[in-house]
Amino acid sequence: PALFMENARKGSVVSRANSIGSTSASSVPNTDDEDSDYHQEPYKESYKDQRRRAHTQAEQKRRGAIKKGYDDLQAIVPTCEQQDFSLGSQKLSRAIVLQKTIDYIQFLHKEKKKQEEEVSTLRKDVMALKIMKVNYEQIVKAHQDNPNEGKGQVSDEVKFNVFQGIMDSLFQSFNASISVTSFQELSACVFSWIEEHCKPQALRDIAIGVLHQLKSQLY
């Protein structure tokens with residue numbers, strides 16, 4: 001009986017040791033399996049990261065478009081290509097590029113207005129020349145209808161009278177339009193008088209008037 005009791009006690013101790021060992025072993029985490037699962041699972045980008053990445057791309061695109069716009073302006077505007085000795089080799093800033101662009105646009109507007117005024121003046125001159133052409137054609141036709149008229153030789157006195165009549169008429173308008181208060185005012189008045197009284201149509205009217213007057217005196 002004593003031997004039986006000793007063997008039973010030893011068997012109980014071994015059984016409890018095995019039970020504790022198995023329990024401890026089961027409580028230890030399986031790190032190898034978990035590490036394998038962790039590395040196999042793909043990384044999922046969060047919604048916040050996606051928004052941040054999209055915002056960064058949009059900002060880079062916006063800055064690229066602005067830079068391209070300034071580069072295009074600097075290539076188009078001639079004054080941006082000229083050497084600015086005050087800046088040396090320093091690259092033109094965006095503020096300078098914008099200012100030079102504004103100045104160039106204002107210059108183009110002035111040139112356009114000037115060209116429009118020149119075109120308007122040329123159109124008036126063309127109209128006056130057309131009127132003169134019609135009048136000269138009428139004079140030629142009148143001579144053709146009356147071939148015997150005007151065959152006589154015109155004397156130098158008659159030519160001088162024609163010239164004097166034209167100059168007298170011009171001087172009257174000149175004297176009435178010109179101010180001699182100052183040289184600057186005189187210069188301005190001279191050009192104004194030329195533009196108003198020395199146009200082809202005005203000179204034609206003066207010449208016709210003088211010729212009619214002399215014709216009545218001669219015949």
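Residues take their numbers from the sequence shown, with the count starting at 1.
Note: S93 OG to Y70 OH = 9.0 Å, rounded to the nearest 0.5 Å. In this structure, CD on E196 lies 15.5 Å from CZ on F191, to the nearest 0.5 angstrom. Note that NE2 of H197 is 13.0 Å distant from CZ of F171, once rounded to the nearest 0.5 Å. Atom-to-atom distance recorded for I206:CD1 and C198:SG is 7.5 Å, nearest 0.5 angstrom. The NE2 atom of H55 sits 10.0 Å away from atom CD of Q60, with the distance rounded to the nearest 0.5 Å. For the atom pair OG (S192) and CD (E185), the distance works out to 11.0 Å, reported to the nearest 0.5 Å.
Between D103 and K100, none of the side-chain N atoms (NZ, or NE/NH1/NH2) sits under 4.0 Å from a carboxylate O, so this pair counts as no salt bridge. In summary, R62 and E59 engage in a salt bridge, as defined by a charged side-chain N under 4.0 Å from a carboxylate O. At a threshold of 4.0 Å, the pair E195-K199 does not count as salt-bridged, since none of the basic side-chain nitrogens sits closer than that to a carboxylate oxygen. Ion pairing of K67 with D71 is present here, as a side-chain N (NZ or NE/NH1/NH2) and a carboxylate O approach within less than 4.0 Å.
When the options I96, V77, T79, I76 are evaluated for a side chain to side chain contact (heavy atoms under 4.5 Å, CB included) with T101, the one that passes is V77.
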Go through the steps for E117 and K113 under the test side chain to side chain contact (heavy atoms under 4.5 Å, CB included), then give the verdict. CA-CA 6 Å; E117 292 176 352; K113 185 177 180 181; 3.8 Å; yes
Please determine whether side chain to side chain contact (heavy atoms under 4.5 Å, CB included) holds for the pair L170 and L203, giving the CA-CA distance in whole Å, both sets of side-chain angles, and the decisive distance to 0.1 Å. CA-CA 9 Å; L170 288 175; L203 294 176; 3.9 Å; yes
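Residues K61 and Q57 form no side-chain contact, since every pair of their non-hydrogen atoms from C-beta on lies 4.5 Å or further apart. A heavy-atom distance below 4.5 Å is found between the side chains of Q138 and V134.
Note on I139 and V158: separate hydrophobic clusters, where clusters join Ile, Leu, Val, Met, Phe, Trp and Tyr whose side-chain heavy atoms are under 4.5 Å apart, directly or indirectly. Both M167 and V190 sit in one connected hydrophobic cluster of ILVMFWY residues. Membership requires side-chain heavy atoms under 4.5 Å apart, directly or through other members. F174 and F163 end up in the same hydrophobic cluster when Ile, Leu, Val, Met, Phe, Trp and Tyr side chains are linked at under 4.5 Å.
Looking only at atom types and distance, the side chain of Q172 has no donor-acceptor partner in the side chain of D168 under 3.5 Å away.
Contact record, A128 with Q201: CB-N, 4.3 Å, taken as the closest heavy-atom pair. Closest heavy-atom contact between V97 and L92: CG2-CB, 4.0 Å. Residue W193 comes nearest to I178 through the heavy atom pair CB-CD1, 4.0 Å, listed as atom of the first residue, atom of the second, then distance. The shortest non-hydrogen separation linking Q74 to C80 is O-CB, 3.6 Å. Between I166 and V210, the closest heavy-atom pair is N-CG2, 3.7 Å. Summarising the geometry of K112 relative to E116, their closest heavy-atom pair is NZ-OE2, 2.5 Å, with the distance given to 0.1 Å.
At most 12 heavy atoms of other shown residues, nucleotides or ligands fall within 6.0 angstrom of atom CE in M127. For E157, the CD atom is loosely surrounded, since the number of other residues' heavy atoms within 6.0 Å does not exceed 12. More than 12 non-hydrogen atoms from other residues, nucleotides or ligands lie less than 6.0 angstrom from CD of E137.
Looking at S177, its side chain does come within 3.5 Å of a backbone N or O of S173 through a donor-acceptor pair.
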